[in-house]
Amino acid sequence: MLKISTLGLAIMMCAGAWAEQTTAPAAPVSPITMLEDKYLNSIQLLQNRFRIDHEVDEITMLFFREYGTAPMVLVRPDGSKIFQSDDHPEGVEWYDDATYDMVKITRPMPGPWQAVGQMLPGSRVMVVSDVQLVAEPLPDLMFSGEIIKLKAHLTNAGKPIEYNEFRDVVELTVEFLSTNNPNFTNFGADSQLVARYEDNGMGMDEYPNDGVFTGQFNLDITEGQWKPVYRVYTPMYTREEVKEPLVLHPNPIIMSVQNDTGDGRHRLHIDVNRELVDINSLLVDGKIRYPNGDVQSFSITDNAPQAREHEILNIEYGVFRVKVTAYGSTIDGRDFILDVPEFSFLSEEPELAALDEGTITDAEMAEPVASGENSLPDILMAPLDETLVEPPAEQSLWPSILLANGLLLIVGGLVIWLTLGRKPSGQSTGIKFKLSMPRIKFSKAKGKTDASSDA
């Protein structure tokens, strides 16, 4: 009985193992030899050598090297070489940069390969298969003019990329495409580049080369319905992912002004669309450009349910321009930063009154005085002969004009007399005067007298 039980147990174990083999398929063998978990997305270089499996149809490899060094040289398993500068055979594409080489090989020769060149210490051959950008989702409620900070990281074949140098290989962008919905303002609008993801410690990126990419979305575009498109550019290919359409709401900041009412101040009012924004969270930081070019900064930090107000001195007449940045929270509690479009208003110089307060109209002059006393002096009540009375200004000018003309005549006469009338000693003036007297001739024959004059 013991032998039978032992035999039955063995049969049952074999049957269970056979059933397990038939129900669970064997895991596929990776075509690229990986050494340990820490070498994910890479092949460790053993004396600059790596192995490619026979099942590989296409492989894209990255070799990181010292800045400015010569491109790598690849040695096939049969000893033949591939140089960057050579005419590559069919199925080989090579892109070289100052810090890396990217090589794409279709149907590579199976076996051990070797990379010769000045590679970075501890470098790996990175096998690029399917690079994706995994980014934080965009908020549901967004405004035109908003500035949004979102983070992302890169994956290769679904696993995080551990190479900091890889940031120099890819370009990560987000583009908004109009859905061309006629019910929205952006119907027919061009595509808009709204963000670039960076890992350089600049802008909104917190730490450089930490593998976390930061995108600063500048939504200074028309409100409407847009379709986000995420793109990953590499020298060899481009990956693109299209997200679901979203609606970009108009800028919720509402600005108006009450012009100077006589106290020398304009009053700027700043309110929000209260269906979308919490008015109590609104902070304002802005600048005012006066008509003469002067710029004044101002801030409003009150937390109140009323619209914000700021007084502007009316020191110039012309166009006032106001540019503000608003900070606050949406009704769902998300903080935002808004670049508000410029607001301008005109301050006009008041028109002069047609009549001053002391002016007396013709009707008042003709109206008889009810009381016994005249309200005006008698001289104003007397008729005036307009033909004989000249304006006081003209009467005061005539004596001055006559006096000036007389002085000119006197001075001119003196100059002529001094020039022509005086005779220097020993010289003749050159001017002779001859007086002619008439001569009277008597004629005896005729008894007449003839008068003539000799010159």
Side-chain angles (χ1 to χ4, degrees), residues 138-139 141-150 185 192 194-196 198 201-206 214-224 247-351:
L138 288 166
L141 180 58
M142 296 187 301
F143 305 107
S144 174
E146 190 172 356
I147 301 173
I148 301 177
K149 172 186 176 182
L150 295 176
T185 308
Q192 302 290 333
V194 297
R196 293 182 184 273
E198 304 286 354
M202 302 179 66
M204 289 189 172
D205 187 53
E206 298 175 4
T214 304
Q216 178 176 322
F217 287 72
N218 294 319
L219 301 180
D220 188 17
I221 58 177
T222 305
E223 65 272 8
V247 175
L248 190 66
H249 294 270
N251 198 299
I253 306 301
I254 303 171
M255 302 179 67
S256 61
V257 69
Q258 179 184 359
N259 283 322
D260 182 10
T261 58
D263 59 352
R265 299 174 185 272
H266 305 293
R267 286 168 177 80
L268 177 68
H269 298 275
I270 303 176
D271 206 342
V272 298
N273 183 348
R274 306 198 180 192
E275 296 181 357
L276 303 176
V277 176
D278 180 12
I279 183 62
N280 294 284
S281 65
L282 181 63
L283 305 177
V284 177
D285 185 27
K287 292 183 179 180
I288 302 170
R289 182 177 294 275
Y290 287 82
N292 61 357
D294 292 342
V295 177
Q296 180 188 22
S297 301
F298 71 97
S299 298
I300 304 176
T301 59
D302 300 334
N303 294 327
Q306 294 83 19
R308 308 299 185 258
E309 183 177 300
H310 179 71
E311 294 184 346
I312 303 174
L313 294 178
N314 186 18
I315 59 176
E316 291 285 342
Y317 296 115
V319 178
F320 287 74
R321 304 182 187 277
V322 183
K323 190 72 176 69
V324 303
T325 302
Y327 308 86
S329 301
T330 61
I331 54 174
D332 55 9
R334 182 181 67 85
D335 294 330
F336 64 78
I337 303 174
L338 270 174
D339 183 22
V340 183
E342 184 181 83
F343 174 77
S344 61
F345 64 92
L346 177 64
S347 174
E348 296 182 337
E349 186 174 2
E351 297 181 359

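Model, not experiment: these values are computed from the prediction. These numbers come from the heavy atoms of this one structure, side chains and all, not from hydrogens, waters or symmetry mates.
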Donor-acceptor pair, distance only, cut-off 3.5 Å: does the side chain of [X] make one with the backbone of [Y]?
X: K323; Y: V340; answer: yes
X: S144; Y: H249; answer: no
X: D339; Y: G145; answer: no
X: R265; Y: T261; answer: no
X: R334; Y: L141; answer: yes
X: S329; Y: S281; answer: no
X: D278; Y: N280; answer: yes
X: H266; Y: N259; answer: no

Determine, step by step, whether E206 and K149 satisfy the side chain to side chain contact (heavy atoms under 4.5 Å, CB included) criterion, reporting the C-alpha distance in whole Å, the side-chain angles of both residues, the deciding distance to 0.1 Å, and the verdict.
-> CA-CA 11 Å; E206 298 175 4; K149 172 186 176 182; 2.9 Å; yes
Drop me the distance from [X]'s [atom1] to [Y]'s [atom2], to the nearest 0.5 angstrom.
X: T185; Y: I221; atom1: OG1; atom2: CD1; result: 11.5 Å
X: Q296; Y: I312; atom1: CD; atom2: CD1; result: 8.0 Å
X: F343; Y: I253; atom1: CZ; atom2: CD1; result: 13.0 Å
X: E223; Y: M142; atom1: CD; atom2: CE; result: 13.0 Å
X: L283; Y: N303; atom1: CG; atom2: CG; result: 6.0 Å
X: I279; Y: D271; atom1: CD1; atom2: CG; result: 5.0 Å

Tightest non-hydrogen contact, residues I331 and V277, listed as CG2-N, 3.7 Å
- Message: Evaluate I288 against H310 for side chain to side chain contact (heavy atoms under 4.5 Å, CB included), listing each step before the verdict.
- Response: CA-CA 11 Å; I288 302 170; H310 179 71; 3.8 Å; yes
Parallel, tilted or perpendicular, as decided by the 30° and 60° cut-offs, for the rings of F143 and F336: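 Rings of F336 and F143: perpendicular, over 60°.
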*Is the shortest distance from a Lys or Arg side-chain nitrogen in E342 or R289 to a carboxylate oxygen in the other one below 4.0 Å?*
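R289 and E342: not salt-bridged.
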Requested in this report: Test N251 against M255 for side chain to side chain contact (heavy atoms under 4.5 Å, CB included), laying out the working first.
Outcome: CA-CA 11 Å; N251 198 299; M255 302 179 67; over 6 Å; no
Checklist line | Heavy-atom side-chain proximity of P252 to L338 below 4.5 angstrom | finding: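 Yes, at least one pair of side-chain atoms sits under 4.5 Å.
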ask   = Is the shortest heavy-atom distance from the side chain of V322 to the side chain of F298 under 4.5 Å?
value = yes
Query raised in the report: Given V257 and F320, is the side chain to side chain contact (heavy atoms under 4.5 Å, CB included) satisfied, shown in steps?
Result: CA-CA 11 Å; V257 69; F320 287 74; over 6 Å; no
- Message: Using the rule given for side-chain hydrogen bond (donor to acceptor under 3.5 Å, both in side chains), can you reason through N292 versus D294, listing the C-alpha separation, both sets of side-chain angles and the distance that settles it, and then say yes or no?
- Response: CA-CA 6 Å; N292 61 357; D294 292 342; 3.1 Å; yes
